[in-house]
Q: 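Okay, handing you the structure first.
Note that the structure is predicted; figures quoted are calculated from it, not measured. Below, read A as the first sequence line, B as the second, and so on, with proteins coming before strands; counting in each chain starts at 1. Hydrogens, waters and symmetry mates are skipped; everything else that's a heavy atom, side chains included, is used.
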2 protein chains.
Amino acid sequence: MERPRPAKITMSDKKQYTISELAKEFDVTTRSIRFYEDEGLLHPMRQGQSRIFSSKDRARLKLILRGKRMGFSLAETRELFELWDETLTGSEKQLLKTLEVVERRRAQLAQQKNDIEMMEMELDAHESRCQEALTDIRHKQQKATT
Amino acid sequence: MERPRPAKITMSDKKQYTISELAKEFDVTTRSIRFYEDEGLLHPMRQGQSRIFSSKDRARLKLILRGKRMGFSLAETRELFELWDETLTGSEKQLLKTLEVVERRRAQLAQQKNDIEMMEMELDAHESRCQEALTDIRHKQQKATT
DNA sequence: TTAGCAGTTTACGTAAACGTAAAGCAGAGG
DNA sequence: CCTCTGCTTTACGTTTACGTAAACTGCTAA
């Protein structure tokens, strides 16, 4: 009787996602995703009582996680989201404020790049010291066994 | 009677610091500094009951704060400190483990650099959109006043 | 029909990183 | 001598970002 399947959630082109799909893809718990929704960072639709996430939600989740890796709080990320959204509807004053925020973020990124470079240099230095200490130790072992 | 001042803590070459000096210099609260000590990240000497911080402590505080800007937890920073310290005394096994950790950090930094680049591109894009929206608005205002 | 997931809400628990209030000691200046 | 200022400890409070448990719903496979 091959009836057409009852309109599965997962369409072939994947414009929609279940909570566990996203959880698996990005390696976060469903709890976290729900929490992000509660905090106003994601706005999934509902089918019955189940959440359905759009590709926009997916993109946002990706941004949230990137923000976390960069040390941003959820509040900061939410602030960015809200600014982005206001870009479409905002007044001139709003837009100017947004540009200011963008500049501040840029400065922050510059600082972070600096921090990363310093950190890399230190890693280099300590790696060298480590290597030296290692060859030293091995040298001594060599001598001890002769 | 010009006696020599009673051995002031602050020598001219500044190898020692009080808690509030460091707090001011790095714009953190004294509470935070004490907390870092409690967590084993700083090890100030004592003069009576007052803390005296060495320039090593100062350097470490700088590293702690940099770590925070990069999104590191205090535990992660402490782990690094401990590894650095072990470099001097560690066994071969210890040193190899340290090298592993260094590699992991490097990978993390690479990821962060990537994240930052992406973020910068997005800031560029949104800034452009903002600028467009602004000229649009101003255009309309121009028309409205003619 | 029953069992078993996957999902839901509600709510209390927890770890990290401090904030903040209380209460006390110590030296310097008036 | 008294007070002020800075430092100290002790300890409870707070925010963020979830973890975890309980109890319920709805679909699907056996």
Side-chain angles (χ1 to χ4, degrees), chain A residues 1-10 16-53 57 60-61 63-81, chain B residues 1-10 16-53 57 60-61 63-81:
Chain A
M1 278 292 276
E2 278 293 316
R3 275 171 302 178
R5 301 273 186 83
K8 264 211 169 182
I9 298 169
T10 56
Q16 318 232 319
Y17 307 83
T18 70
I19 193 170
S20 47
E21 282 173 349
L22 288 185
K24 206 163 291 180
E25 177 173 3
F26 294 110
D27 195 32
V28 293
T29 63
T30 57
R31 176 68 179 93
S32 297
I33 294 178
R34 292 194 195 97
F35 182 72
Y36 299 151
E37 181 188 1
D38 286 349
E39 294 295 301
L41 291 161
L42 299 175
H43 306 286
M45 306 278 95
R46 294 302 176 120
Q47 174 168 297
Q49 67 172 0
S50 292
R51 294 168 175 80
I52 302 181
F53 297 85
D57 287 317
R60 289 206 156 187
L61 178 53
L63 292 182
I64 293 169
L65 299 178
R66 198 179 62 198
K68 297 207 69 187
R69 287 195 301 271
M70 298 173 66
F72 290 10
S73 71
L74 294 185
E76 289 176 296
T77 299
R78 180 176 45 218
E79 188 200 6
L80 270 190
F81 284 175
Chain B
M1 277 289 274
E2 277 294 317
R3 278 170 302 178
R5 300 274 187 82
K8 263 212 167 180
I9 299 170
T10 57
Q16 316 232 321
Y17 308 83
T18 70
I19 192 169
S20 48
E21 282 173 349
L22 288 184
K24 206 164 291 180
E25 176 173 3
F26 294 110
D27 193 35
V28 293
T29 64
T30 58
R31 176 69 179 88
S32 297
I33 294 178
R34 293 195 195 97
F35 182 72
Y36 299 151
E37 182 188 1
D38 286 349
E39 295 294 301
L41 291 161
L42 299 175
H43 305 286
M45 305 279 94
R46 294 304 176 117
Q47 173 168 295
Q49 66 172 359
S50 292
R51 292 167 176 82
I52 303 181
F53 296 84
D57 287 318
R60 289 206 158 187
L61 178 54
L63 292 181
I64 294 169
L65 300 177
R66 197 179 64 196
K68 296 207 70 187
R69 288 196 300 272
M70 298 173 67
F72 289 11
S73 72
L74 295 185
E76 288 177 297
T77 299
R78 181 177 44 217
E79 188 200 7
L80 270 189
F81 285 175

Q: When the distance from CZ of R46(A) to C1' of dG26(D) is rounded to whole Å, what number comes out?
A: 15 Å
Q: Please report the distance, rounded to the nearest Å, between CD1 in I52(A) and P in dT8(C).
A: 10 Å
Q: Any side-chain N or O of R51(A) under 4.0 Å from OP1/OP2 of dG7(C)?
A: no
Q: Rounded to the Å, how far apart are Q49(B) CD and dA23(C) C1'?
A: 12 Å
Q: Could you state the CG-C1' distance from L22(A) to dG7(C), rounded to the nearest angstrom?
A: 14 Å
Q: Check whether any side-chain heavy atom of F35(A) lies under 4.5 Å from a side-chain heavy atom of L74(A), and answer yes or no.
A: yes
Q: Nearest 0.5 Å, what's the CD-CZ distance between E79(A) and F72(A)?
A: 10.0 Å
Q: Below 3.5 Å between N/O atoms, which protein atoms pair up with nucleotides 4-6 of chain C? Just atom names and distances, please.
A:
none

Q: Within this structure, what is the CD-to-P distance between E37(A) and dA17(D), rounded to whole angstrom?
A: 17 Å
Q: Can you check whether L63(A) reaches L80(A) side chain to side chain, under 4.5 Å on heavy atoms?
A: no
Q: Would you kindly give the CD-to-P distance between E79(A) and dT16(D), to the nearest whole Å?
A: 14 Å
Q: Does the pair E37(A) and R46(A) meet the rule for a salt bridge (charged side-chain N to carboxylate O under 4.0 Å, His left out), with working shown?
A: CA-CA 12 Å; E37(A) 181 188 1; R46(A) 294 302 176 120; 3.3 Å; yes
Q: Does atom CG of D38(B) have more than 12 heavy-atom neighbours, drawn from other residues, nucleotides or ligands, at distances under 6.0 Å?
A: yes
Q: Does R78(A) place a side-chain N or O at less than 4.0 Å from the phosphate oxygens OP1/OP2 of dT16(D)?
A: no
Q: What is the separation between atom CD1 on I33(B) and atom P on dT20(C), rounded to the nearest whole Å?
A: 16 Å
Q: Could you pull out the protein-nucleic contacts involving nucleotides 17-19 of chain C (nitrogen or oxygen on both sides, under 3.5 Å)?
A:
from: dA17(C); atom 1: OP1; to: L74(B); atom 2: N; distance (Å): 2.8
from: dC18(C); atom 1: OP1; to: K68(B); atom 2: NZ; distance (Å): 3.0
from: dC18(C); atom 1: OP2; to: Y36(B); atom 2: OH; distance (Å): 2.8
from: dC18(C); atom 1: OP2; to: K68(B); atom 2: NZ; distance (Å): 2.8
from: dG19(C); atom 1: OP2; to: T29(B); atom 2: OG1; distance (Å): 2.8
from: dG19(C); atom 1: N7; to: R31(B); atom 2: NE; distance (Å): 3.2
from: dG19(C); atom 1: O6; to: R31(B); atom 2: NH2; distance (Å): 3.0

Q: Do F53(B) and I33(B) have side chains that approach each other closer than 4.5 Å (heavy atoms only, starting at C-beta)?
A: yes
Q: Check for a donor-acceptor pair, side chain of S73(A) on one end and backbone N or O of E76(A) on the other, with a separation under 3.5 Å.
A: yes
Q: For a quick test of reading the model, state the closest non-hydrogen atom pair linking L41(A) to I64(A) and the distance between them.
A: CB-CD1, 3.8 Å
Q: Tell me what R34(B) touches on the nucleic acid: a base, only sugar-phosphate, or nothing, going by heavy atoms under 4.0 Å.
A: base
Q: May I ask you to test the R34(B)-R51(B) pair for a side-chain heavy-atom distance under 4.5 Å?
A: yes
